[in-house]
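Take a look at the structure below.
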Amino acid sequence: MTEVVIPGSKSVMARALFLAAAADGVSTLRQPLASDDTEAFAYGLRDLGYEVDLRPDVWTVTGLPHGPSAGERSRETPGVRSASASVYTRDAGTASRFLPALVAAGHGTFRFDASAQMRRRPVAPLVDALRQLGVEVSCDETEGHLPLTVHADGVKGGTLTLDASLSSQFLTALLMLGPLTTDGLVIRVGELVSVPYIEITLAMMRRFGATVDWSGDTFTVAPGGYQARDYLIEPDASSASYFFAAAAVTGREVTVHGLGSESLQGDVRFVDVLARMGATVRVAPESVTVIGPENGRLDGVTVNMRDISDTMPTLAAIAPYASSPVRIEDVYNTRVKECDRLETSAVNLRRLGIAVETGRDWIEIQPGQPQAAEILTERDHRIAMSFSVTGLRTPGITLDDPDCVKKTFPTFHSVFHSAFPGLR
Ligand SMILES: O=C(O)C1=C[C@@H](OP(=O)(O)O)[C@@H](O)[C@H](O)C1
Ligand SMILES: C=C(OP(=O)(O)O)C(=O)O
């Protein structure tokens, strides 16, 4: 049995950094994830005037509370310390969506830019929602995309409607803004996507002292700011999926501690798909174990991955080893992530000699023995990590950009090949 130590959750880190920055007091984030996404977030906070101390085992953030909880606040000392700043959020969807909402509660002019990859990704629903709240936001080149500029002068609050069908991150950003407004927020939504990430947001907001309610299509957030706290970052369930998938296709046994039935992350449920395919899965409150079938034969499956779509590439990459087709459905929004993941997964599976069909929001993969080929990662960390699993049973699979894993898991290659020695 192999015990794998998985780094902290990128999603939990991004929320913790936002909440700590907005809180009244000093917060400590233990077992932090140090990756390109989380460093982009932390350095972005520093650019905005927040004090952020990064050490290997703990990140410390000194909050600059906003709104009424900060008591009487002169305009010279708004939530964010700087009255103007330029922030570069690299490839990070969380920093790119969450930080503009944070600064909206402050006072000043704040410009956000990002990598070409992130500039391609949508932010229009967030921009529209901030404008409904009276926040002056301009998209400096292409409407609905970064770079953008926020001319902030605090947010009174009130009721808004949000299109949350393309990404849950817009809703997370607005929810976390809610306690920083004078009157609180009522957010009306239609169709939701990636709902488990909303549940992470609600849980963490409450842990940092906020009052938030979800009833049907309405989220209600009270004013009152946040309280600093000591926070232990749980391991990243999406990062763990590659190790669980590797166990499933190699007949090995893998255990990850710190993840389990008490985890905040929906992507833990990826192991339920592996169980449906024939793996043995044990989920305890604080650990998950996956044991692959000894003969390496997995059953095909049809699965809706709307809630756990970051693990769609993981499943697609091991699908050829199943004895019947694997069909993944209801994952349209994977087309607007780091790359068009449905198309990129299909292109790479075909490069491996595997028959694949795709539709607007689905992909169907036929069984087959992959051939050696170079994977075109499109600089997408999840494509790189997913097809590394494929390579455990097919020597000669290489990556055109192995370093792109740094977005969420800089040590992936060393951890992965230590966990599965002699399989490459
Ligand atoms: O809120 C978050 O931390 C995330 C939400 C998800 O994005 P979508 O809501 O756009 O699916 C997920 O893909 C991403 O890796 C992290
Ligand atoms: C989509 C992802 O990241 P983000 O949206 O946070 O950039 C991801 O990590 O798969």
Side-chain angles (χ1 to χ4, degrees), residues 7-19 33 35-41 44 89-99 101 114-126 146 162-176 189 191-205 233-234 236-242 263-267 270 305-316 330-342 344-345 361 377-386 404-410 412:
S9 160
K10 173 258 289 179
S11 295
V12 171
M13 276 294 288
R15 285 157 178 77
L17 286 165
F18 180 114
L19 299 169
L33 167 69
S35 76
D36 204 47
D37 271 16
T38 60
E39 287 173 359
F41 208 117
T89 54
R90 304 185 197 177
D91 295 329
T94 49
S96 302
R97 277 85 176 254
F98 299 176
L99 289 178
S115 64
Q117 180 189 87
M118 188 60 223
R119 281 185 168 202
R120 282 194 295 272
R121 299 174 65 187
V123 293
L126 174 66
L146 275 76
L162 173 70
D163 174 1
S165 62
L166 205 47
S167 172
S168 67
Q169 291 180 349
F170 310 135
L171 179 52
T172 286
L174 290 156
L175 285 167
M176 294 198 294
V189 296
E191 178 191 355
L192 290 176
V193 71
S194 302
V195 167
Y197 289 95
I198 300 305
E199 290 164 347
I200 299 175
T201 304
L202 298 178
M204 290 188 67
M205 285 174 66
I233 306 293
E234 63 184 63
D236 191 304
S238 315
S239 296
S241 74
Y242 311 109
S263 169
L264 289 178
Q265 302 165 78
D267 279 8
F270 174 70
M305 295 188 95
R306 182 182 185 87
D307 282 354
I308 56 170
S309 71
D310 277 4
T311 62
M312 179 279 284
T314 317
L315 180 57
D330 203 1
V331 288
Y332 173 74
N333 88 323
T334 62
R335 290 187 181 276
V336 294
K337 296 203 173 178
E338 284 82 335
C339 70
D340 177 336
R341 288 175 167 167
L342 277 176
T344 302
S345 298
D361 65 352
T377 61
E378 301 294 342
R379 287 193 60 247
D380 185 327
H381 57 132
R382 300 208 183 283
I383 298 295
M385 294 188 276
S386 296
C404 69
V405 302
K406 70 178 189 290
K407 187 172 193 282
T408 56
F409 199 161
F412 170 78

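As the structure lists them, so they are numbered: ligands from 1, and atoms in each ligand from 1.
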Would you tell me whether Thr311 and Asp267 have side-chain atoms, one donor and one acceptor, within less than 3.5 Å of each other? no
Out of curiosity, is Arg15 lining ligand 1, as in a heavy atom under 4.0 Å away? yes
What distance separates Leu171 CG from Leu202 CG, expressed to the nearest 0.5 Å? 8.0 Å
Below 3.5 angstrom, do we get any N/O pair linking Tyr197 and ligand 1? no
Kindly determine whether Ser263 and Glu234 satisfy side chain to side chain donor-acceptor pair (under 3.5 Å), including the steps that lead there. CA-CA 7 Å; Ser263 169; Glu234 63 184 63; 2.4 Å; yes
Candidates Arg15, Gln169, Gln265 - the one meeting side chain to side chain contact (heavy atoms under 4.5 Å, CB included) with Tyr197: Arg15
Taking atom types as modelled and ignoring hydrogens, do the side chains of Glu378 and Thr344 form a donor-acceptor contact shorter than 3.5 angstrom? no
Please report which non-hydrogen protein atom sits nearest to atom 10 (O) of ligand 1, along with the residue it belongs to and the distance in Å to one decimal place. Ser167 OG, 2.7 Å
Identify the protein atoms, limited to N or O, that lie within less than 3.5 Å of an N or O atom of ligand 2, and list each pair with its distance to 0.1 Å.
{"unit_1": "ligand 2", "atom_1": "3 (O)", "unit_2": "Lys10", "atom_2": "NZ", "d": "3.0"}
{"unit_1": "ligand 2", "atom_1": "3 (O)", "unit_2": "Glu338", "atom_2": "OE2", "d": "3.1"}
{"unit_1": "ligand 2", "atom_1": "3 (O)", "unit_2": "Lys407", "atom_2": "NZ", "d": "3.4"}
{"unit_1": "ligand 2", "atom_1": "5 (O)", "unit_2": "Arg121", "atom_2": "NH2", "d": "2.7"}
{"unit_1": "ligand 2", "atom_1": "5 (O)", "unit_2": "Gln169", "atom_2": "NE2", "d": "3.1"}
{"unit_1": "ligand 2", "atom_1": "6 (O)", "unit_2": "Lys10", "atom_2": "NZ", "d": "2.9"}
{"unit_1": "ligand 2", "atom_1": "6 (O)", "unit_2": "Gln169", "atom_2": "NE2", "d": "3.2"}
{"unit_1": "ligand 2", "atom_1": "7 (O)", "unit_2": "Gly93", "atom_2": "N", "d": "2.8"}
{"unit_1": "ligand 2", "atom_1": "7 (O)", "unit_2": "Arg121", "atom_2": "NH1", "d": "2.9"}
{"unit_1": "ligand 2", "atom_1": "7 (O)", "unit_2": "Lys407", "atom_2": "NZ", "d": "2.7"}
{"unit_1": "ligand 2", "atom_1": "9 (O)", "unit_2": "Lys10", "atom_2": "NZ", "d": "2.9"}
{"unit_1": "ligand 2", "atom_1": "9 (O)", "unit_2": "His381", "atom_2": "NE2", "d": "3.4"}
{"unit_1": "ligand 2", "atom_1": "9 (O)", "unit_2": "Arg382", "atom_2": "NE", "d": "3.3"}
{"unit_1": "ligand 2", "atom_1": "9 (O)", "unit_2": "Arg382", "atom_2": "NH2", "d": "3.0"}
{"unit_1": "ligand 2", "atom_1": "10 (O)", "unit_2": "Asp310", "atom_2": "OD1", "d": "3.3"}
{"unit_1": "ligand 2", "atom_1": "10 (O)", "unit_2": "Asp310", "atom_2": "OD2", "d": "3.2"}
{"unit_1": "ligand 2", "atom_1": "10 (O)", "unit_2": "Arg341", "atom_2": "NH1", "d": "2.9"}
{"unit_1": "ligand 2", "atom_1": "10 (O)", "unit_2": "Arg341", "atom_2": "NH2", "d": "2.9"}
{"unit_1": "ligand 2", "atom_1": "10 (O)", "unit_2": "Arg382", "atom_2": "NE", "d": "2.7"}

Checking Asp361 now: which residues fulfil salt bridge (charged side-chain N to carboxylate O under 4.0 Å, His left out) with it, not counting sequence neighbours? none
A student checking ligand 1 against Lys10 at a 4.0 Å heavy-atom cut-off should list atoms 14 (C), 15 (O), 16 (C)
For ligand 1, the portion of Asn333 having any non-hydrogen atom under 4.0 Å away: side chain
Identity and separation of the nearest protein heavy atom to atom 15 (O) of ligand 1: Asp310 OD2, 2.6 Å
Side chain to side chain contact (heavy atoms under 4.5 Å, CB included) with Thr334: of Arg306, Arg382, Met305, Arg341, only one passes, and it is Arg341
Worked verdict on Ser35 versus Asp37 for side chain to side chain donor-acceptor pair (under 3.5 Å): CA-CA 5 Å; Ser35 76; Asp37 271 16; 5.6 Å; no
Got a sec, which residues hit salt bridge (charged side-chain N to carboxylate O under 4.0 Å, His left out) with Lys337, two or more places apart in sequence or on another chain? Asp310
Could you pull out all residues at least two apart from Gln117 that satisfy side chain to side chain contact (heavy atoms under 4.5 Å, CB included)? Asp91, Ser115, Arg120, Glu338, Arg379, Lys407
Heavy-atom gap Thr94 to ligand 1 smaller than 4.0 Å: yes
Which residue and non-hydrogen atom of the protein lie closest to atom 4 (C) of ligand 1, and at what distance in Å? Gln169 NE2, 3.3 Å
Quick test of your reading of the structure: of Gly93, Ser238, Ser194, whose heavy atom lies closest to atom 8 (P) of ligand 1? Ser194
Counting only nitrogen or oxygen atoms and a 3.5 angstrom limit, does Ser168 reach ligand 1? yes
Using a strict 4.0 Å cut-off to heavy atoms of Ser11, name the atoms of ligand 1 that fall inside it. 2 (C), 3 (O), 4 (C), 16 (C)
d(Phe270 CZ, Ser309 OG) to nearest 0.5 Å is 12.5 Å
